[in-house]
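To start, the structure under review is shown below, and the notes come after it.
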Amino acid sequence: MRLSGFKIIMKYDYLIIGTGFAGSVAAERLASQHNKKILLVEKRSHIGGNAYDALDEHGILIHKYGPHILHTNNKEVFEYLSQFTEWREYEHRVLANLNGKLYPIPINRTTINKLYSKNFTTDNEVKEFYESVREKRNPILNSEDIIVNQVGQDLYEKFFKHYTKKQWELDPSKLSPSVCGRIPIRTNTDDRYFTDKFQFMPKDGYTKMFEKMLEHKNIEILLNIDYKDIVNKIQFDKMIYTGPIDYFFDYKFGKLPYRSIKFKWENLNVEKHLKAASYNFVSSKKKYTRITEHKYLTGQKANSTTISKEFPQMNGDPFYPIPNNENSLLFNKYKKESDKLENVEFIGRLAEYKYYNMDQVVGRVLKNV
Ligand code: FAD
Ligand code: UDP
């Protein structure tokens, strides 16, 4: 990885803002496939964006910005990333903590049997059960509709309503159906969080993978710098911007809300603490949404273990776009401005204001850069 004093080349083909998946994959492709000279600027002290991982003070590998699980059905994305890392097979499992009792989430047959003391043994029985409790909603306009339409009020209130309110500070009825729609409802006993074809974690972590991706003679990296502090001092032909789109335009139409999270970390003197990688706290009693034990994600063996608790909040690093009609109208104003700029491309979760997973960002860059 070449840290730049931007002395080596004063003229770049591309100035790329942000070293997350969007910026890093774009830099790698442009350098290795098109021989472009690139300056990559990052305001944090490290590469990798929100997928960054590092050892904590107890020697445990943690995902500093929350648990990141790589899952995709896109073979091209998987093969592309395979150039930069070896993999460890990993299937993520989550338990919902509902008033102290643990249930598999996404809701599946086991969840229903345990919650309602049923003894369903077939998909059909569970399908019929959902049919008997669901409340038909047509059209599906929001995140309440999409869940209630499948499983009715009780399951919605138990597993979705309060978690969602904590996560977004909005009632599910004020959020696009795509938010709660990310979580499937199952009739079988599959208790994996994801069912994608490729479910692997980078064997030595994400940061190592990013380091390898960015190891190219044409790529220089500037850390700890907000691009606005240097953009007028650098010559470049094109820019790729992966930061928040409203910041780029100095908030001229007003601030686009992004949701943030405060992480509270704890190291425990036991080898394993939880029964699954994450517990989702689905009632309103606890202020946090989830606890994650990071050793599950990384496969690390160690005598102690580190967990993170997630407290969602409005202030702080922008982590999530908040998908609803109002924000989409505001985003479209910025989008129109960005479309006028021929030499700047806006890519990624913050710049496109899209609730992208990592593989979607990689796929987007591979297709368009
Ligand atoms: P980012 O990773 O946000 O990168 C943008 C970079 O730009 C950042 O490094 C930022 O510091 C930098 N930047 C911004 N403004 C400036 C500026 N002015 N000057 C210089 N640099 C700037 N996806 C999954 O697939 N699986 C998961 O399990 C998963 N879990 C997640 C959990 C959490 C808590 C969060 C927040 C996200 C999760 N994601 C997950 C989504 C994943 O993080 C994103 O899809 C991915 O990181 C987006 O990459 P990006 O490059 O678009 O943005
Ligand atoms: N969700 C919920 N209960 C859960 C899990 C998810 O209500 O137990 C809702 C919540 O609104 C959440 C969304 O579904 O923000 C998407 O969940 P996911 O686990 O994909 O969130 P992420 O990992 O992106 O934070």
Side-chain angles (χ1 to χ4, degrees), residues 15-26 40-52 63-72 77 92 94-98 103-107 143 146-147 156-168 170 172 175 178-184 193-194 196 201 206 210 222-231 240-245 247-248 258-261 263 277-282 289-290 292 297 308 310 312 317-323 346-352 354-362 364-365:
L15 175 65
I16 300 183
I17 316 305
T19 57
F21 273 101
S24 296
V25 175
L40 196 49
V41 180
E42 169 59 58
K43 71 175 188 185
R44 288 176 175 158
S45 60
H46 58 75
I47 57 171
N50 288 338
Y52 173 73
H63 292 184
K64 188 171 168 203
Y65 304 99
H68 277 69
I69 297 100
L70 190 77
H71 56 100
T72 188
V77 166
H92 192 52
V94 178
L95 293 168
N97 184 316
L98 176 66
Y103 302 89
I105 186 97
I107 295 171
S143 267
I146 196 164
I147 301 300
Y156 162 72
E157 293 210 359
K158 285 194 161 81
F159 292 101
F160 288 91
K161 188 174 173 170
H162 304 289
Y163 185 102
T164 300
K165 275 190 169 172
K166 290 193 282 188
Q167 172 71 13
W168 304 97
L170 285 173
L175 283 163
S178 62
V179 176
C180 287
R182 287 166 62 89
I183 311 300
Y193 207 64
F194 308 108
D196 302 58
M201 297 291 274
Y206 287 99
F210 276 95
L222 271 179
L223 296 176
N224 297 306
I225 292 195
D226 187 313
Y227 84 100
K228 283 197 185 177
D229 295 337
I230 51 146
V231 68
I240 293 178
Y241 179 76
T242 76
I245 190 169
Y247 177 73
F248 183 94
Y258 290 89
R259 196 80 176 135
S260 192
I261 295 177
F263 297 96
S278 295
Y279 288 0
N280 284 0
F281 286 76
V282 290
T289 46
R290 12 175 218 218
T292 298
L297 315 179
S308 59
E310 298 181 34
D317 282 354
F319 285 158
Y320 294 83
I322 305 179
F346 292 76
I347 307 183
R349 181 144 144 151
L350 306 173
E352 296 180 78
K354 277 214 174 98
Y355 195 167
Y356 280 137
N357 290 328
M358 298 181 282
D359 65 315
Q360 294 171 307
V361 173
V362 177
R364 158 90 171 83
V365 178

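In this text, all values refer to a predicted model and were calculated from it rather than measured experimentally. Keep in mind that the numbers below use all heavy atoms, side chains included, and drop hydrogens, waters and symmetry copies. In listed order, ligands and their atoms are each counted from 1.
Using cut-offs of 30° and 60° for the angle between ring planes, the H92 and F194 rings count as parallel. Between H63 and Y206, the ring planes are perpendicular. Angles over 60° get that label, and only those under 30° would be called parallel.
Checking atom 51 (O) of ligand 1 against the protein gives a heavy-atom contact under 4.0 Å.
Where the criterion is an N or O separation shorter than 3.5 Å, residue side chain and backbone included, Y227 meets it with respect to ligand 1. Taking only nitrogen or oxygen atoms, main chain and side chain alike, K161 does not reach within less than 3.5 Å of ligand 2. Between V282 and ligand 2, no pair of N/O atoms sits closer than 3.5 Å. Note: no N/O pair closer than 3.5 Å links Y163 and ligand 2 by distance alone.
Listed by number with element, the atoms of ligand 1 under 4.0 Å from a non-hydrogen atom of G348 are 52 (O). The atoms of ligand 2 that sit less than 4.0 Å from any heavy atom of F160 are 2 (C), 7 (O). Heavy-atom contacts of I105 reach the following atoms of ligand 2: 8 (O) (cutoff under 4.0 Å).
Contacts of P67 with ligand 1, taken as heavy-atom pairs under 4.0 Å, involve the backbone alone.
Counting only heavy atoms of the protein, atom 2 (O) of ligand 1 lies nearest to N50 N, 3.0 Å.
Residues L297 and T292 meet the side-chain proximity criterion, which asks for heavy atoms closer than 4.5 Å.
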